[in-house]
Each structure stands twice: as C-alpha cells, then as structure tokens.
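A short write-up of the structure that comes next.
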Amino acid sequence: MAFQAVKGTRDFYPEDMAIRNWITEAWRRVSIRNGFVEFDGPVLEYLDLYRVKSGEEIVSQLFNLTDRAGRQLAMRPEITPTLARMVNAKINSLPRPIKWFSVPRLFRAENPQKGRLREFFQWNIDIIGGEEGISDAECVFTAIDALQELGLTAGEAQVRYSSRKLLSEVLKAAGLSAESVPGMLAVLDKRSKVPAEAFAEMLAGAVTDEAIRPKVLAFLEGSSGTGDLPQELQSLKNEPIEQALAELKTFQKALDAFGIADWCKYDVNVVRGLAYYTGIVYEVFDAAQSLRAVAGGGRYDNLLEVLGGPKVGATGLGMGDAVLGILLEEKGKRPVLTNRLDAFVISGLEGQDASAVLSLAAKLRRGGIICDYSARSANVGKLLKEANRRQARYAVILSGPSAGLKDLGTGQQVDVNVAELVSDPRRFLV
RNA sequence: GUGGGCGUAGCUCAAUUGGCAGAGCAUCGGGUUGUGGUCCCGAGGGUCGUGGGUUCGAGCCCCAUCGUCCACCCCA
C-alpha cells in the first residue's frame, strides 16, 4: 500500500516550504525589531503541565503517549505553558520585562477543517512583567506590524478587543455569583456566533434571575465604543470595575500612541472561550470575518503562579500559520517565490570529462554564488535547456581558459577569462 | 465524538442506459552533433482510494472501510 501524510498534517514541497519560510521569516524579523528575543522548548512535555493549566478535558484534545518508564507525555498543543515553565525556572535572574517570541510546531488531536489542522506553526509573542495595558498594546502593535510586513492593510484585517476583567466584574456587580461567571462567559462568547433568539435562550438558561438578566443585556448592548458602562449601569461601578476601566483606557491610549487605533475596535463580544485570560483580550480577524480568527491573545496574570512560580503579570498572543495562509492567499498577497540560481555551469567542449565544470562550480560557490552545474557532456543546446529549466540567471559556458556568460533573461553573452571570473565572481554574476 | 459533500494519471477534470479508461497541463525525450525559452512531434505515468456484493460484463449500482473537504462539538 502507498503511504500518505497523516490526517491533519501537511507535506511541504519546495514551493510550499518557500511560502512557509516567507511567513515565518517575517514573524522573526518583526519580533526582533520589536525587541523580542527567540526561545524554543521541547515538543514533548509532561501531560500534567496541560492538565494543571486547562483541566482534565484537555487530555482528549491533544496527542499523548506513555514512555517505557511509564511517564505520561504530551505533544505540545501550545507553547505558553512551556514558556511559563521556562520563565519560572529562571525568574529571579531574568531582567524584566521579559519579551520572548517563538515559532513552535504544535499538535492538536482535532478533526481538521478549514484553517484548523492537527499539526501547525504558531507565532507567539509574550511580555512578562511589563506595564499593564501598555504591554498588551505593544503585542497588538507587533501583530499588526507582522500583518503589514506580509502585505495586509487595515481594510483587510481588524483587531477587536475587550476586557475579560471588566466583563467578569460587571457580571458580579450585577448580582451573579463568582462561580457562575465562567459559565456565563462561555455563553457570552456565543453571542456573535449564534442567532439572536438562540442566544436569548442560552442567556435565559444561564441567568434565571429576572433582576440580573436586564443588566447583563444592558451591558452587552449599551457599552460604548470605549468600553465605558452605559448610563443606566453607572451605579454598578465599584473598585474592580474602575480598575478594569482604567486598564482599558491605558490600553486604548497606547494603541493610539502606537499609531494603530484605526486597526482596532472595542467589541464587548470578544471573550476568548474558557481560556486563562484575566484582563484585556483581543482577536485579529479578516475584515469580512469569513474565516476563523487569524490571531488571538490577552493578559494572563495567574498562569506563572498556577504553574508553581511567583505572581507576575503576563500578556501575549498567538498567530497560527493556517488561517493566515488562507487569508494571504485569498487577498493575493503571496509572492511568487522561486528557488533561483545565480549561475548554471555547463561545458562548452563536448567529450571532455566534468572536472573543469566541477572545479569552476566549486569556486563560484565559495565566492558566494548560488550555483549548480551539469556534468553531462552534450551539445550546448541541450545543456542550455537544462540551465533554463533550473531558472538560472546566467549560464556559464566553460571552454578551456575562457567562459561565456550568457544572461538567460536577455540572451546576451559575453566572454570572460575564467581566472578573472573566479577572482571576483560577484562582479560578473550578481 | 457527530453530520453532509467528494475520491478516475503528479495536477485540473472527462468517460452516453452498466459495454475496450481519455484529454489538457506538468514531467521526460525527439525535431536541433556549439546556443535555451516559443513552436511541432512523441513517450512514460492508472490494481478507477481499498475490500466485498449484484451482473454475462462495474469507473458507473449496493454494502463496508479509509482518505479528503465542509460544518457541528471544542478552540489553548
């Protein structure tokens, strides 16, 4: 039987690899110029690392295995727990803020669908121990910097943000018990994803108290473009709410200062599932919102502590290659990438052995020329055909002490002395 | 885990009621024994996803299975 790639995984043929590198190199370039430094960890981690962070239900959603000593291991479904583990281990010696990025290969045991695979790459940037609000805006700025680096504009991708903290505190101030808030957040997360009636039904199921429900609805429908509470809920304001509002304001002011306010919009519906977020959260979408989120992130102030470290605030985001790749493709942003050769060396003297060709190719390569050759002895027409197939810029037709440099774009050919050519190949061939 | 669409050459797809598996593109070669690309000609490449069933006969009909795409659940 013939084998094929495992479900949900991709083969990267050279042309696919060129696109992947184009994306990941943009991520790296942008990370570095925004002051982040790269890290990576193992693909295998202890399964408990994810259990502690996300609970038992995570186990069915990732690939896990038991080693021969009985250790329960998992293929990493995200890099943030690894980051937290690594930072915790050296927290006292790392200068803050810690600004790290990574482009890990991740695995999730899910059914593949559009923009969702079992194996993928995800750019992560995180700031640990930075200024609340400002660090969050800096991550958004860096994400937008990457989108622009790849050719996307404010009309093609948009950031929508809200405050998980504000939402939680308003729910509590409206009368919801603290333990019912997480379930409520899950319901609110559905608001923009299901029909209005279905949402009303879900909400009625989640909030049975007739006195509380109108307040929740008022918050969802009345929040202004800045996130401030609608008039009728002003009386709910308490210390935590004021704090969340102040953080939101700092964030917005920073977005403005970074010059990216036109990419970003407050949207009370952004909740980010059941994740570990504790403050500002945001998602990047294609403008038409026909795809799932291109990126998502937010503040997670408890994670280091949950994993056995100190309580240090953190914020970060992840951007996967799958949805981004689809968006770039749809918008026609993907460049035509070819693996071009600078030079292709062939013999102009039929019947000779290949030594002279090999020797010249070796010298050109050492001189920094992207160079390949044909060792075949054939008529020049056939060899030029091969040079053309290989998309070489120049054919180098070697004839004893001299060589013809044929520009395969223009057809122009000049003769040069081989000794002169190898002494400074870039002068002739770049 | 659930539901639906689709599986024919490397790719995109044909194949009449169930009657000899085809085309374009791509690849390789030739036209062209010292000058490529365009052009012309030719070749290789298929257990029709896999297994079973119905039939004189199955790419086509039936069952199962695998894969794939899309959606649901979930989404770190």
Side-chain angles (χ1 to χ4, degrees), chain A residues 1-11 13 15 45 49-55 57-62 74-84 104 106-118 120 122 124 126 185-186 189-190 193-194 198 271-277 281 283 290-298 300 303 306-307 316-320 322-323 326 344 346-352 374 376-400 403-415:
Chain A
M1 70 174 274
F3 289 100
Q4 58 187 137
V6 169
K7 178 200 266 287
T9 67
R10 292 166 290 176
D11 291 326
Y13 286 87
E15 58 271 27
E45 289 278 7
L49 181 64
Y50 306 107
R51 275 211 185 96
V52 166
K53 200 209 106 195
S54 307
E57 62 277 10
I58 195 75
V59 176
S60 64
Q61 291 165 34
L62 47 73
M75 297 181 77
R76 62 185 180 193
E78 56 172 328
I79 192 97
T80 311
T82 300
L83 165 79
L106 304 177
F107 302 86
R108 294 178 186 176
E110 299 178 296
N111 250 343
Q113 55 186 287
K114 191 173 188 181
R116 254 181 114 179
L117 299 164
R118 288 184 162 188
F120 56 97
Q122 187 183 71
N124 281 80
D126 291 274
L185 292 177
D189 190 40
K190 295 280 175 259
K193 296 166 188 164
V194 300
V271 179
R272 300 284 296 149
L274 290 167
Y276 44 66
Y277 295 108
V281 289
E283 292 183 330
S290 60
L291 302 173
R292 49 182 63 243
V294 174
Y300 53 99
L303 183 61
V306 166
L307 296 180
L317 69 84
M319 181 183 292
V323 177
I326 293 167
F344 192 81
I346 59 180
S347 173
L349 302 171
E350 205 173 345
Q352 294 224 337
S374 174
R376 289 200 301 161
S377 176
N379 74 67
V380 172
K382 295 209 190 316
L383 294 171
L384 281 173
K385 206 169 198 166
E386 193 173 342
N388 194 60
R389 267 205 309 274
R390 295 294 302 276
Q391 302 186 75
R393 187 167 303 144
Y394 287 95
V396 180
I397 308 160
L398 185 58
S399 305
L405 301 186
K406 188 180 181 72
D407 184 321
L408 292 173
T410 65
Q412 303 249 317
Q413 183 170 340
V414 296
D415 281 327

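We name chains A, B, ... by the order of the sequence lines, and we start the count at 1 in each one. Here the structure is a predicted model, which is why all the values come from computation and not from measurement.
Under a 4.0 Å N-O distance rule, the pair A/Arg118/A/Glu110 does not qualify as a salt bridge. Here A/Arg108 does not pair with A/Glu78 in a salt bridge; the nearest charged N to carboxylate O distance is not below 4.0 Å.
At the phosphate of B/rA76, neither OP1 nor OP2 sits under 4.0 Å from any side-chain N or O atom of A/Arg76. Regarding contacts with the backbone of B/rC72, every side-chain N or O of A/Lys190 stays at 4.0 angstrom or more from both OP1 and OP2. Taking side-chain N and O atoms only, A/Arg272 has a distance below 4.0 Å to OP1 or OP2 of B/rA76. Within the 4.0 Å cut-off from OP1 or OP2 of B/rG36, not a single side-chain nitrogen or oxygen of A/Lys406 is found. Residue A/Lys382 places at least one side-chain N or O closer than 4.0 Å to OP1 or OP2 of B/rG30.
Among the atoms of the strands shown, base atoms are found under 4.0 Å from some heavy atom of A/Gly411. Looking at heavy-atom distances under 4.0 Å, A/Glu386 makes no contact with the nucleic acid at all.
Side chains of A/Thr82 and A/Glu45: a donor on one and an acceptor on the other come within 3.5 Å.
With rounding to whole Å, A/Gln352 atom CD is found 14 Å from B/rG34 atom P. Nucleotide B/rG36 holds its C1' atom 17 Å from the CZ atom of A/Arg393, rounded to whole Å. Atom OH of A/Tyr50 is separated from atom P of B/rC75 by 18 Å (rounded to the nearest Å). Atom P of nucleotide B/rG67 and atom CZ of A/Arg10 are separated by 19 Å, given to the nearest angstrom. A/Arg376 has its CZ atom 10 Å from the C1' atom of B/rG29, to the nearest Å. What separates CG of A/Leu106 from C1' of B/rA76 is a distance of 10 Å, to the nearest Å. Atom CG of A/Asn379 and atom P of B/rU32 are 11 Å apart (whole Å).
Here, B/rA21 and B/rG5 have their C1' atoms 25 Å apart, quoted to the whole Å.
One N or O donor and one acceptor, one from the side chain of A/Arg116 and one from the base of B/rC74, sit under 3.5 Å apart. Side-chain to base pairing of A/Asn388 with B/rG36: one donor and one acceptor N or O lie within less than 3.5 Å of each other. Side chain A/Asn111 to base B/rU2: a donor-acceptor pair is found below 3.5 Å.
Using modelled atom types, no side-chain atom of A/Ser54 and backbone atom of A/Arg51 make a donor-acceptor pair closer than 3.5 Å. Under a 3.5 Å cut-off, the side chain of A/Asn379 and the backbone N or O of A/Gly381 do form a donor-acceptor pair.
Of the two residues near RNA chain B, A/Val380 and A/Val6, the one whose nearest nucleotide lies more 5' is A/Val380.
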